[in-house]
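Notes to accompany the following structure.
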Amino acid sequence: MASEENQNIIAIDGPSGTGKSTTAKTVAKELGWTYLDTGAMYRAIAWVIENEKQGNNQWLVARGKQLNEILGKTQISFDENNRVLINGVNRENEIRDPKISEVVSRYSSIPVIRAALTAQQREIGSKQPCVLDGRDIGTAVFPNAKYKFFLTTDYKTRAVRRLLELQNLGKAGDETLESVEKNLRERDELDSKREVAPLVRAKEAIEIDTSHLTIQQQVQRVLQSVGEAARCKHSPNTTPRLQCPIQS
Ligand code: DC
């Protein structure tokens, strides 16, 4: 672990459906810092791999070489509205599909994928003050971040939020509260039990239970902890640029 505290990083970790992304995005906007949605990066890679393997489940057997090739030719970037572009094409809609939610935790447990995305996240965070949300920001990506938060919420509330989100995106399909909760539980299980950088609260992270909080209240808690000093450091560019291919 690096010794010096990094005052330019706000790490917001926790499982999905806890309001991490909205909180992180709003905090970044309030402070004028860059926002980086690291879950979107894992979703992007999952989407690319799903397309490459075309339903061939034997594919993963030979994944070492193919994964490196895929990572090397995949460019992930974000537009000014934080929508994900894969090789320059807007894939925001595709990566939010429940089909990707079902498989993403499987891919995000693969060390070579984590190494590649972690390197990119560190590079972006080293160039500008940055709010990152994810699962391992405060433990693995920036263990020396000065500001660390871990959001939790009860399952019922998370399922309601997630289903609403899918409905708003027009992606709810046949999903029910039960099917959404099942997916959340399965992903939590995979995310917290994987060997590399599992979902776990950094011991110094401030835990915020968002079950009964509005987004504004969550944002206020984070901003109060971060304090005024952070407001003085605006990021020159609030949208992350990730133009180079991912190298593993
Ligand atoms: O936040 P999200 O639901 O969009 O994240 C999608 C998946 O990516 C999630 O199931 C776990 C994985 N993830 C991760 O392993 N590490 C991160 N820093 C962010 C997300």
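Just so you know, ligand 1 is whichever comes first in the structure, and atom 1 is the first atom listed for that ligand. We're numbering straight along the sequence, starting at 1.
- Which parts of ligand 1 touch S105 is read off a 4.0 Å heavy-atom cut-off, strictly below it: atoms 10 (O).
- Atoms of ligand 1 lying under 4.0 Å from any heavy atom of S108, numbered from 1 in the order shown and given with element: 11 (C), 12 (C), 15 (O).
- Proximity of R194 to ligand 1 is established by a heavy-atom distance of less than 4.0 Å.
- Checked by distance only, ligand 1 and Q121 stay at 3.5 Å or farther apart across all their nitrogen or oxygen atoms.
- At least one heavy atom of R114 sits less than 4.0 Å from an atom of ligand 1.
- R185 and E181 are joined by a salt bridge, as a carboxylate oxygen and a charged side-chain nitrogen come within less than 4.0 angstrom of each other.
- Every atom of ligand 1 is numbered from 1 in the order shown, and the set under 4.0 Å from a heavy atom of S16 is 3 (O).
- Nearest protein heavy-atom neighbour of atom 20 (C) of ligand 1: G39 CA, 3.5 Å.
- Ion pairing of R83 with E92 is absent here, as no side-chain N (NZ or NE/NH1/NH2) approaches a carboxylate O to less than 4.0 Å.
- Looking only at atom types and distance, the side chain of Q218 has a donor-acceptor partner in the side chain of T23 under 3.5 Å away.
- Every atom of ligand 1 is numbered from 1 in the order shown, and the set under 4.0 Å from a heavy atom of D136 is 16 (N), 17 (C), 18 (N).
- Note on D191 versus R187: no salt bridge recorded, every NZ/NE/NH1/NH2 to OD/OE distance being 4.0 Å or above.
- With respect to E5 and K148, no salt bridge is recorded, no charged nitrogen being found less than 4.0 Å from a carboxylate O.
- Shortest contact from atom 3 (O) of ligand 1 to any protein heavy atom: R187 NH1, 2.9 Å.
- The shortest N/O to N/O separation between D133 and ligand 1 does not fall below 3.5 Å.
- Among protein heavy atoms, atom 8 (O) of ligand 1 sits closest to Y42 CB, 3.5 Å.
- For ligand 1, the atoms sitting less than 4.0 Å from at least one non-hydrogen atom of T38 are 17 (C), 18 (N), 19 (C), numbered in the order shown with element in parentheses.
- Every N/O-N/O distance between D37 and ligand 1 stays at or above 3.5 Å.
- Counting atoms of ligand 1 from 1 in the listed order, those under 4.0 Å from a heavy atom of D191 are 9 (C), 10 (O), 11 (C).
- Neither the backbone nor the side chain of R106 comes within contact range of ligand 1; no heavy atom lies under 4.0 Å.
- A salt bridge does not link E178 with K182: none of the charged nitrogens is closer than 4.0 Å to a carboxylate oxygen.
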Open item on the list: Show, in sequence, the C-alpha distance, side-chain angles and deciding distance for V180 and T176, and conclude whether the side chain to side chain contact (heavy atoms under 4.5 Å, CB included) test is met.
Closed with: CA-CA 6 Å; V180 170; T176 60; over 6 Å; no
Name the atoms and distances for all side-chain donor-acceptor pairs under 3.5 Å in residues 39-47, with sequence neighbours left out.
unit_1	atom_1	unit_2	atom_2	d
Y42	OH	R114	NH2	3.3
R43	NH1	I95	O	3.0
R43	NH1	S101	OG	3.2

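- Closest protein heavy atom to atom 4 (O) of ligand 1: R43 NE, 2.7 Å.
- For atom 2 (P) of ligand 1, the closest non-hydrogen atom on the protein side is R135 NH2, 3.6 Å.
- A cation-pi arrangement is absent between R122 and F142 under the rule of less than 6.0 angstrom and at most 45 degrees off the ring axis.
- Cluster membership check: V104 does not share its hydrophobic cluster with L199, using side-chain heavy-atom separations under 4.5 Å among Ile, Leu, Val, Met, Phe, Trp and Tyr.
- In the displayed structure, R201 atom CZ is contacted under 6.0 Å by more than 12 heavy atoms of other residues, nucleotides or ligands.
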